[in-house]
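Letters A, B, ... are given to chains in the order of the sequence lines, protein chains preceding strands, and every chain is numbered from 1.
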Amino acid sequence: AALKDALRSQVSAALKEGRVTPTELCQRCLALIKSTKFLNAYITVTEETALKQAEESEKRRKRGQPLGILDGIPIAVKDNFNTAGIETTCASNMLKGYISPYNATVVQKLLDQGAVLLGKTNLDEFAMGSGSTDGVFGPVRNPWSYSKQYKEKSVPKSHSEDEEYNWVITGGSSGGSAAAVSSFTCFAALGSDTGGSTRNPAAHCGVVGLKPTYGLISRHGLIPLVNSMDVPGILTRCVDDAAVLLGSLAGHDPKDSTTVQDDFKPFELPDLPDVSKLSIGIPKEYHAPGLSSEILALWSKAADLFKNAGAKVVEVSLPHTRYSIVCYHVLCTAEVASNMARFDGLEYGHRSDVKDSTESMYAATRREGFNDVVRGRILSGNYFLLKQNYEKYFVKAQKVRRLIANDFGKVFGSGVDILLTPTTLSDAVPYTEFIQEDNRTRSAQDDILTQAANMAGLPAINVPTALSERGLPVGLQFIGRSFQEKQLLTVAKWFEKQVQFPVIQLEEAERHDNGVFQHQKSASFS
Amino acid sequence: QKVSVEVLEHLEHLALVDFRDSEGVERLQKAIQFADQLHEVNTDGVEPMDSVLEDRWCLYLREDDVTEGNCTKELLENARETVEEYFVAPPGNIPLVKLEGQKTFLQGS
């Protein structure tokens, strides 16, 4: 049995029974992070504080007083969440060296339950992108690039050269978090999702990526991109774990006035989910141009699975789907133009040496601090917000947004419980191929299947489904009704059990083998 | 229609971000073109949507009580230039455009 088996086992149970201690677990994860450094998944590894947290957890467990199911569980957090005393960079020069003075609410909640924070993960600069390739710390590599499954399928040019050449992207923008979970360096990670940034890399890295309903989880401390669409995202290796994380994070936060005030009741998913009474909708517009035939076939197979289980499977229509990406483009750049205005060098972050005037200092700071993608979006956003353009673009986009949200409303109102769609158009492409197109083009292409859920604020989840012909993960997406995460995750769990997605065979993980754990099928810590 | 140089300069001033080069301007042109697709959609009688939560509840106001603060030290720590409890900014009443040697790409072209 290898570390990957150990990490796949019921770790919480193992911790409870003392078969492994939080310190051992933490040390092993830290070692694995070191040996998978080439993935570039982490920007900051908080080794000292993690070990300290693990020690505290151990003391509590010895006393028989764990704080909960997450006590001692190593987790990673995307580097656009504020973490007290720890550098938070958003993968940008603008925030290099910025030490957060506070914890984001979601981070605080995890720490309050004893989770062990291993570090901050890599992303596209300010979460703008769909590849995790545009941050100042360099691109994140998909762990599957180094898997046996991928290597077996790729045609080697020469033995040493091809690995460097052929590595594939993680997708983005939460690529670091997805890679961290996928390569076993942590049990769960936080991402963010504005247009698909949690689900897209989850699909490419073969992990579960949950985008909760807008308003369910606090955004306080999440450096904002689009305030009306951002949500913290959850990345785990199985659906049950996502449910556990959701339970610890959801709920009203007085510090985030966009969180709903309803009481959130954490739930456990049934062991044997039943989908026979459900109606599954297949939106025909999600058969988007460019959708690979492989994924189309998987999507169809999935629909059949539900049919055979007795669920009602119907084709539905979301007529404004194709405008979602255009609408997003306008609303996103507009909100970005506003949100990025705070970065002027005066109170935090990078500050230029130019000191002739306030404006020249601001302009120089922003020129030095932001990459082209960010600057491009700021300028576009400001264009759409100009007085002469406001109605034509910004308000127009807000109207189209309502139409998109209404599309979903109509479909859910007609008796459909869950929508089933692909998450991405294809499996992960090699980095060298990905960078041939610019960021905006790529984002427009890659977000097409995930973006509308953010438009309408609906919960959505990527479930790893199968390996492509190239040996890379492909996932499918489920979209649910607002605040109906329990139903959404139940369906996701059922599907997960049906497809039995294979475990990644990663040499590095196997090297840390010590055979403590027996082979177990579950990837869960719950 | 190409965006006029006046508008481009205006944008640079509003955003305090410069276009840097012709690629930057081209990027904006493409972004506008892309956004123009919105006009294919009929939105007669449709209200703009500010928030997906509009039906569920309204943004509430809380009591005007001071519940946190006294964090001057932490807040000043991240600033590069401070004097006592002040953030220090360069002189503020100098418009960007009038400065010598501070030309942006647009002004230079």
Side-chain angles (χ1 to χ4, degrees), chain A residues 98-99 101-102 214-215 228 254 257-258 260-261 320 323 326-327 329-330 333 337 344-349 351 354-363 366-367 370 372 375-376 378-384 386 392-393 395-403 405 438 440 444 455-457 482, chain B residues 3 7-8 10-20 23-25 27-28 30-32 34-43 46-53 56-57 59-62 67 71 74-81 87-97 99 102 104:
Chain A
Y98 165 70
I99 311 283
Y102 70 107
Y214 179 85
S228 68
S257 60
T258 60
V260 293
Q261 305 209 296
H320 295 93
Y323 294 107
V326 185
C327 188
H329 165 72
V330 172
T333 50
D344 56 21
L346 210 51
E347 293 154 13
Y348 44 74
R351 177 175 178 144
V354 169
K355 44 175 70 152
D356 310 55
S357 72
T358 313
E359 288 204 339
S360 67
M361 187 278 274
Y362 287 178
R366 292 156 72 79
R367 188 186 316 133
F370 290 140
D372 284 345
R375 286 159 61 253
I378 293 172
L379 288 162
S380 301
N382 273 293
Y383 180 82
F384 298 131
L386 287 175
K392 229 173 78 164
Y393 290 98
V395 177
K396 180 79 179 179
Q398 286 191 308
K399 292 179 178 179
V400 175
R401 180 175 188 175
R402 181 178 296 285
L403 292 176
D438 71 272
R440 192 185 58 79
M455 244 346 139
S482 281
Chain B
V3 183
V7 172
L8 292 175
H10 184 48
L11 283 177
E12 281 193 333
H13 196 188
L14 279 179
L16 286 180
V17 160
D18 66 292
F19 281 98
R20 189 170 282 179
E23 218 183 290
V25 178
R27 199 178 287 131
L28 175 67
K30 287 211 188 106
I32 298 169
F34 190 66
D36 282 334
Q37 292 176 75
L38 278 179
H39 303 121
E40 293 167 24
V41 187
N42 183 343
T43 53
V46 180
E47 283 300 300
M49 181 181 239
D50 287 323
S51 167
V52 295
L53 297 175
R56 290 191 67 93
W57 113 126
L59 223 72
Y60 63 98
L61 294 175
R62 67 186 180 103
T67 53
C71 48
E74 287 93 315
L75 294 180
L76 289 172
E77 257 163 23
N78 275 303
R80 219 187 82 170
E81 287 185 40
F87 296 110
V88 180
N93 55 355
I94 304 170
L96 189 63
V97 169
L99 289 172
Q102 289 283 343
T104 64

* Interchain contact, Val395(A) with chain B, by part (heavy-atom threshold 4.5 Å) -> both
* Structure fact -> What one should report as the nearest heavy-atom pair of Leu38(B) and Tyr393(A) is CD1-O, 4.0 Å
* Structure fact -> Max heavy-atom pairs within cutoff under 4.5 Å with chain A, candidates Arg62(B), Glu47(B), Lys30(B), goes to Glu47(B)
* **Arg375(A) side, atom CZ; Asp18(B) side, atom CG - distance, nearest 0.5 Å** => 5.0 Å
* Structure fact -> Heavy-atom closest pair (Ser380(A) atom, Leu28(B) atom, distance to 0.1 Å) is CA-CD1, 3.7 Å
* **Check: Asp372(A) and Glu23(B) side chains under 4.5 Å, non-hydrogen atoms** => no
* Structure fact -> So, the part of His39(B) with a heavy atom under 4.5 Å from chain A: the answer is both
* Structure fact -> Between Met49(B) and Arg402(A), the two heavy atoms sitting closest are CA-NH2, 3.7 Å
* Asked: When rounded to the nearest 0.5 angstrom, what is the spacing between CG in Leu16(B) and CG in Leu379(A)?
  -> 10.5 Å
* To do: Mind ranking His320(A), Lys355(A), Lys392(A), Lys396(A) by heavy-atom pairs under 4.5 Å with chain B and telling me who comes out on top?
  => Lys396(A)
* Asked: When you look at Tyr102(A) and Glu74(B), which way does the side chain to side chain donor-acceptor pair (under 3.5 Å) test go after all the steps?
  -> CA-CA 9 Å; Tyr102(A) 70 107; Glu74(B) 287 93 315; over 6 Å; no
* Winner by heavy-atom pair count (cut-off under 4.5 Å) against chain A, out of Leu76(B), Val7(B), Thr43(B), Asn42(B) -> Thr43(B)
* Find out whether Val41(B) and Val326(A) are in side-chain contact, i.e. whether some heavy atom of one side chain is under 4.5 Å from a heavy atom of the other. => no
* **Top of Gly92(B), Gly24(B), Ala15(B), Cys71(B) for chain A proximity - count of heavy-atom pairs under 4.5 angstrom** => Ala15(B)
* Asked: Highest number of heavy-atom pairs under 4.5 Å with chain A: which of Asn93(B), Asp36(B), Thr67(B), Leu14(B)?
  -> Asp36(B)
* What pair of heavy atoms forms the shortest contact from Ala31(B) to Phe384(A), and how long is it? -> O-CZ, 3.8 Å
* To do: Using a 4.5 Å cut-off on heavy atoms from C-beta on, say whether the side chain of Ser360(A) contacts that of Ile94(B).
  => no
* Asked: At a heavy-atom separation under 4.5 Å, does Asp50(B) approach chain A through its side chain, its backbone, both, or neither?
  -> both
* Which atoms form the tightest heavy-atom contact between Pro90(B) and Thr358(A), and what is the distance? -> O-OG1, 2.7 Å
* Asked: Taking side chain as C-beta onward, heavy atoms only, is Arg401(A) less than 4.5 Å from Val52(B)?
  -> yes
* Residues two or more places apart in sequence or in another chain: which of them pass ring-ring contact (aromatic ring centres under 6.0 Å, His included) with Phe34(B)? -> His329(A)
* Asked: What residues, two or more places apart in sequence or in another chain, satisfy ring-ring contact (aromatic ring centres under 6.0 Å, His included) together with Phe87(B)?
  -> none
* Asked: Heavy atoms, side chains only, cut-off 4.5 Å: are Ile99(A) and Glu77(B) in contact?
  -> no
* To do: Search all heavy atoms of Leu53(B) against all heavy atoms of Thr258(A) and return the closest pair with its distance.
  => CD1-O, 3.4 Å
* Structure fact -> Looking only at Glu40(B), Glu81(B), Arg27(B), most heavy-atom pairs under 4.5 Å shared with chain A are made by Glu81(B)
* **Whether Arg351(A) side chain and Ala79(B) backbone form a donor-acceptor pair below 3.5 Å** => no
* **Check: Asn382(A) and His10(B) side chains under 4.5 Å, non-hydrogen atoms** => no
